[in-house]
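Owing to the predicted nature of the structure, the values given are computational and were not obtained by experimental measurement.
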Amino acid sequence: VEAIEEIIGYGASLDALHISDPCPDGRGAIQAMREALRDGGIRADEIDYVSAHGTGTIKNDPMETTAITEVLGREKAMNTPVSSLKSAMGHLIGASGPVEIAGVLGAVKEGVIPATLNLKIADPECYLDYVPNKPRSLKVRTFLKNSFGLGGQNASVVIRCNE
């Protein structure tokens with residue numbers, strides 16, 4: 001049986017700036033995302049959607065915005081939808097990544113991407129298309145999933161959804 005989806009790239013890093021705060025310049029997140037793209041053998045312009053770590057915090061979200069912009073390039077980043085399932089289910093700590101991947105896969109199989117719920121006024125430092133408040137129809141072939149942890153742990157995967 002042919003796989004419907006597959007992880008095609010993985011990247012990880014450890015920036016270890018602080019026990020709970022991410023590195024503001026996003027260097028660890030940037031490294032993880034770039035490694036995932038390189039491991040998957042794909043270019044940034046092939047990413048249709050980004051499933052953000054997206055904790056909704058004043059330190060994490062601007063850092064992740066900066067990192068996504070650096071990795072995808074400003075024009076591509078500004079035109080790529082980004083959302084976080086944490087807005088719907090909260091932070092599941094170590095289970096967040098796998099649960100969010102399952103949720104995104106379910107959504108993209110239905111031809112939609114999940115919304116970032118309760119996003120009424122975006123922080124000016126979070127300037128990307130965060131798919132506010134309702135799901136959006138979109139055919140997704142390849143997406144990037146970010147998961148960042150305490151102590152500066154960063155992981156990103158690239159997932160391809162086959163037709």
Side-chain angles (χ1 to χ4, degrees), residues 1-16 22-23 26-57 60-61 63-73 75-117 126 128-131 135-163:
V1 174
E2 185 177 337
I4 297 173
E5 61 277 325
E6 61 183 324
I7 295 174
I8 62 169
Y10 171 77
S13 68
L14 179 63
D15 55 55
C23 188
R27 68 177 168 249
I30 291 166
Q31 181 182 354
M33 286 187 271
R34 284 186 172 152
E35 285 182 13
L37 292 172
R38 187 174 26 258
D39 186 50
I42 68 163
R43 300 177 319 271
D45 66 353
E46 295 177 84
I47 298 297
D48 300 316
Y49 164 69
V50 177
S51 176
H53 181 66
T55 57
T57 63
N60 182 82
D61 292 358
M63 175 281 297
E64 190 168 13
T65 299
T66 297
I68 291 168
T69 302
E70 176 68 25
V71 171
L72 297 185
E75 184 176 342
K76 171 65 176 165
M78 296 296 288
N79 293 294
T80 300
V82 178
S83 65
S84 173
L85 282 176
K86 284 180 186 71
S87 66
M89 62 186 185
H91 201 315
L92 303 175
I93 311 300
S96 291
V99 170
E100 291 167 9
I101 287 171
V104 169
L105 287 172
V108 300
K109 284 181 184 181
E110 297 299 320
V112 298
I113 52 174
T116 300
L117 299 180
C126 299
L128 300 177
D129 175 8
Y130 285 104
V131 191
R136 184 179 302 162
S137 294
L138 183 70
K139 171 99 170 111
V140 173
R141 171 98 169 116
T142 306
F143 71 92
L144 177 67
K145 169 67 190 123
N146 292 328
S147 290
F148 309 139
L150 296 174
Q153 302 172 71
N154 306 289
S156 298
V157 294
V158 177
I159 298 177
R160 175 145 306 141
C161 305
N162 297 321
E163 298 187 37

With sequence neighbours left out, write down each residue that passes side chain to side chain contact (heavy atoms under 4.5 Å, CB included) with [X], or none if nothing qualifies.
{"X": "A16", "result": "L14"}
{"X": "R136", "result": "P81, I113, D129, V131, P132"}
{"X": "A107", "result": "V112, P114"}
{"X": "L117", "result": "S87, A88, A115"}

So which heavy atom on [X] is nearest to which on [Y], and how close?
{"X": "A12", "Y": "E35", "value": "O-OE1, 3.1 Å"}
{"X": "D15", "Y": "A29", "value": "OD2-N, 4.5 Å"}
{"X": "G9", "Y": "D39", "value": "CA-OD2, 3.4 Å"}
{"X": "G56", "Y": "D61", "value": "CA-OD2, 2.9 Å"}
{"X": "S156", "Y": "A36", "value": "O-CB, 3.5 Å"}
{"X": "P22", "Y": "M63", "value": "CB-CE, 3.7 Å"}

Within the side chain of [X], is there an N or O that forms a donor-acceptor pair under 3.5 Å with the backbone of [Y]?
{"X": "R141", "Y": "C161", "answer": "yes"}
{"X": "E64", "Y": "G54", "answer": "yes"}
{"X": "N154", "Y": "G152", "answer": "yes"}
{"X": "S84", "Y": "T116", "answer": "no"}
{"X": "E46", "Y": "R43", "answer": "yes"}

Steps toward side-chain contact (heavy atoms from CB on, under 4.5 Å) verdict (E5, K109): CA-CA 10 Å; E5 61 277 325; K109 284 181 184 181; 3.1 Å; yes
Go through the steps to decide whether T80 and L144 satisfy the test side-chain contact (heavy atoms from CB on, under 4.5 Å), and finish with yes or no. CA-CA 11 Å; T80 300; L144 177 67; over 6 Å; no
Using side-chain hydrogen bond (donor to acceptor under 3.5 Å, both in side chains) as the criterion, list what pairs up with [X], not counting sequence neighbours.
{"X": "S147", "result": "none"}
{"X": "D48", "result": "none"}
{"X": "S51", "result": "none"}
{"X": "T66", "result": "none"}

Side-chain donor-acceptor pairs of residues 98-106 under 3.5 Å, sequence neighbours excluded:
unit_1: E100; atom_1: OE1; unit_2: K86; atom_2: NZ; d: 3.4
unit_1: E100; atom_1: OE1; unit_2: K145; atom_2: NZ; d: 2.5
unit_1: E100; atom_1: OE2; unit_2: K86; atom_2: NZ; d: 2.8

Can you pull the salt bridge (charged side-chain N to carboxylate O under 4.0 Å, His left out) pairs that have at least one residue in residues 88-98, sequence neighbours excluded? none
Kindly compute the distance separating CD (E70) from CZ (R34), expressed to the nearest 0.5 Å. 4.5 Å
Which value, rounded to the nearest 0.5 Å, describes the distance between M78 atom CE and L128 atom CG? 6.5 Å
So which pairs with a foot in residues 32-57 pass ring-ring contact (aromatic ring centres under 6.0 Å, His included), sequence neighbours left out? H53-H91, H53-F148
Among all residues two or more places apart in sequence or in another chain, which pass the ring pair (Phe, Tyr, Trp, His ring centres under 6.0 Å) test with F143? none
Atom CD1 of I42: over 12 foreign heavy atoms under 6.0 Å: yes
Are L37 and I47 packed together at the side-chain level, in the sense that at least one heavy-atom pair is separated by less than 4.5 angstrom? yes
